[in-house]
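Below is one structure, written out as structure tokens, with a few remarks after it.
Fair warning: this is a prediction, and the values are worked out from it, not measured in the lab.
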Amino acid sequence: MDPLISDAVPTPPKRSKRGGRAANMRRGGAAIAQMPWEIPINTDRPTEPLPAEGVEAIHDGTMRILEEVGVEFLNIEAVEIFRKEGCLIDNETPESARVRFGRDYIMEKVALAPSQFTITPRNPDRVIEIGGKHIVFGNVSSPPNCSDLDRGRRIGDRSAYRDFLKLTQYFNCIHFAGGYPVEPMDLHPSIRHLDCLYDKLTLTDKVVHAYSLGTERVEDVIEMVRIAGQLSHDEFDARPRMYTNINSTSPLKHDWPMIDGLMRLARRGQPTIITPFTLAGAMSPITLAGTVAQSMAESLCAVALVQTINPGCPVAIGTFSSNVDMKTGAPAFGTPDYMRTTQMTGQMARHYRLPLRASNTCVSNAPDNQATWESSNSLFAAITSGVNVVYHAAGWLEGGLCASYEKFIMDCEQLQQLIAYMKPVRWDADEIALDAIAEVGQGGHFFGIQHTQDRYESAFYAPFLSDWSNFENWRDRGSVQTAERANKVWKSILAEFEPPPMDQAIREELEDFVARRKQEGGAPTDF
């Protein structure tokens, strides 16, 4: 038994090795029958709360923020790049400066960014498409705590981190392995990224992410992704292989490590998702239009920086705009205001022809009804906004402070249902089924006719978690509620989990790199 699997997980049975990508991407093992791997296409027309003049008004507001108010950059290297481009620099200190941008410069650079791109991980069958009508989902990222029904809420550790990676790899509706699904607080921050990326690259074969939290961390992840893919430096630089996500420090500020990571990836041709974290009434105006305009200003100046460094480098923008509880100041997620700002930002992203990221968020403290409706609101907002990347799609609780084993399973059920919902509707003669209707006629039923028999196994979405039985059958089976069923599912998945194949020589090269960088001290810290 893997010593890092939680004690609550039953010992996995011995199984024969089943190598190869086809086996790794099967529909599911004994735990559940799940959807096959696919990159969903959102066939619906986006919801557009803003009329054309509204989009233009927010665009003009965005440009005026950049021209008249400016954005502070706590990264002098970035400031000097903007200075050479003719941007206005003032309020200078040795560490930072305010930059004001002409709208012509911003729009010229934004136009260079591709509207669609791919990211190819070590397993090329797991390539993801970003942009257009594609939508991909990633695991919860960065909470310091985790919870499950057996052990309650606790500080994250490497054991839990590895558990969530296994769930990330197992589910075909999770398309990329974003940040750490729970922070392994038992690993020192100087070497945490090394162990975490080793685990991520060996327990998953999906697209991975680098935290932009310092030069060494970014460069180490770049090198580990290159080793895992057995790529030369030129091959790595030739196409996107990984990505980073950065957050502005709202209002109107970009800090040093985030911009440093953005610039390092831009020089290597790797994408950055630029995601302002704006909470209306606290970190941005209390009005939704003002919040969206500020968010776009913080995004577009960073897009311009990427395109100045490496024209045509893939980049996406993100929306993390919501409101605060004005009684307490606490963040609120999955609210009607969150939904509307996501839809409005979707309109602005299409205006600038940029891919868009959103999140599956909630503030509930347990995998309960509140968590469900707040997550449903968040996911509905993503679908109706034409979002391309959904962060935190499975497992998020407590406003991002906790990763829940049960919520991960519950979210994957909902993701699968949304993927089924987005499939194109057919209307050919066989689908309209006039012959079947005529065969049954008046007062009969369709259960036994051939048209039904030929299609019943795959006609409708079949859940792995929802219970569609009547009350009596549900009661007789123990009245098991949703979170309890999810508890059994994650245990079954971890019990049967098998890592994706990796050549032993590659594994050893990764191990050697991690050992050498640890000996060198990893990333410097002040403790």
Side-chain angles (χ1 to χ4, degrees), residues 39 113-124 126-132 134-142 165 168-169 174-181 193 196-197 200-201 204-215 217-229 231 233 235-248 254 257-277 299 302-303 305-307 309-310 312-320 349 354-359 382 387-393:
I39 303 301
S115 60
Q116 188 168 321
F117 58 91
T118 62
I119 310 179
T120 305
R122 71 176 180 90
N123 178 357
R126 298 285 196 180
V127 65
I128 60 175
E129 299 273 349
I130 309 294
H134 301 94
I135 181 169
V136 293
F137 301 102
N139 55 279
V140 62
S141 300
S142 306
L165 285 182
T168 296
Q169 173 66 17
I174 302 297
H175 302 100
F176 62 95
Y180 308 160
H193 66 289
C196 283
L197 263 295
K200 187 173 289 188
L201 290 168
T204 80
D205 61 2
K206 298 179 179 180
V207 167
V208 302
H209 153 279
Y211 281 111
S212 287
L213 296 174
T215 299
R217 292 181 179 88
V218 171
E219 293 291 347
D220 285 344
V221 173
I222 288 173
E223 184 62 10
M224 292 178 73
V225 171
R226 188 191 69 81
I227 291 170
L231 304 166
H233 288 282
E235 288 171 331
F236 178 89
D237 295 352
R239 66 167 62 176
R241 305 285 184 176
M242 55 174 285
Y243 77 101
T244 189
N245 178 90
I246 72 164
N247 301 109
S248 53
H254 282 287
M258 294 283 180
I259 292 299
D260 179 74
L262 173 149
M263 293 190 295
R264 289 181 183 280
L265 264 68
R267 293 188 178 104
R268 303 294 299 267
Q270 305 303 306
T272 296
I273 302 175
I274 302 156
T275 309
F277 183 13
S299 295
V303 172
L305 178 59
V306 170
Q307 299 308 315
I309 293 170
N310 185 357
C313 181
V315 65
I317 60 173
T319 173
F320 212 87
L354 293 170
L356 179 63
R357 170 225 147 162
S359 299
V387 162
N388 306 112
V389 179
V390 180
Y391 241 58
H392 312 297

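A side-chain donor-acceptor contact under 3.5 Å links Tyr211 to the backbone of Tyr180. Not a single donor-acceptor pair under 3.5 Å links the side chain of Arg226 to the backbone N or O of Ile222. A donor-acceptor pair under 3.5 Å is formed between the side chain of Asn388 and the backbone N or O of His134. The backbone N or O of Ala210 lies less than 3.5 Å from a partner atom in the side chain of Thr244, making a donor-acceptor pair. Glu129 places no side-chain N or O within 3.5 Å of a backbone atom of Gln116 that could act as its donor or acceptor partner. Side chain of Lys206 to main chain of Thr168: a donor-acceptor pair is present (N/O by atom type, distance under 3.5 Å, no hydrogens or angles). The main-chain N or O of Ile128 is never found under 3.5 Å from a side-chain atom of His175 such that the two would form a donor-acceptor pair.
Using cut-offs of 30° and 60° for the angle between ring planes, the Tyr391 and Tyr243 rings count as perpendicular.
Salt bridge absent: Arg122 and Asp205 never bring a charged side-chain N and a carboxylate O closer than 4.0 Å.
To the nearest 0.5 angstrom, Ile174 atom CD1 is 8.0 Å from Phe137 atom CZ. A distance of 12.5 Å separates CD of Gln270 from CG of Leu262, quoted to the nearest 0.5 Å.
Checking Asp260 against Thr215 by side-chain atom types alone, a donor-acceptor pair falls below 3.5 Å. When only modelled atom types and interatomic distance are considered, Thr275 and Arg357 share a side-chain donor-acceptor pair under 3.5 Å. Defined by atom type and a distance below 3.5 Å, a donor-acceptor pair is present between the side-chain atoms of Asp220 and His193.
The heavy-atom pair separating Ser359 from Phe320 by the smallest distance is OG-CE1, 3.2 Å. Of all the heavy atoms in Pro121 and Val207, the pair that sits closest is CB-N, 3.5 Å.
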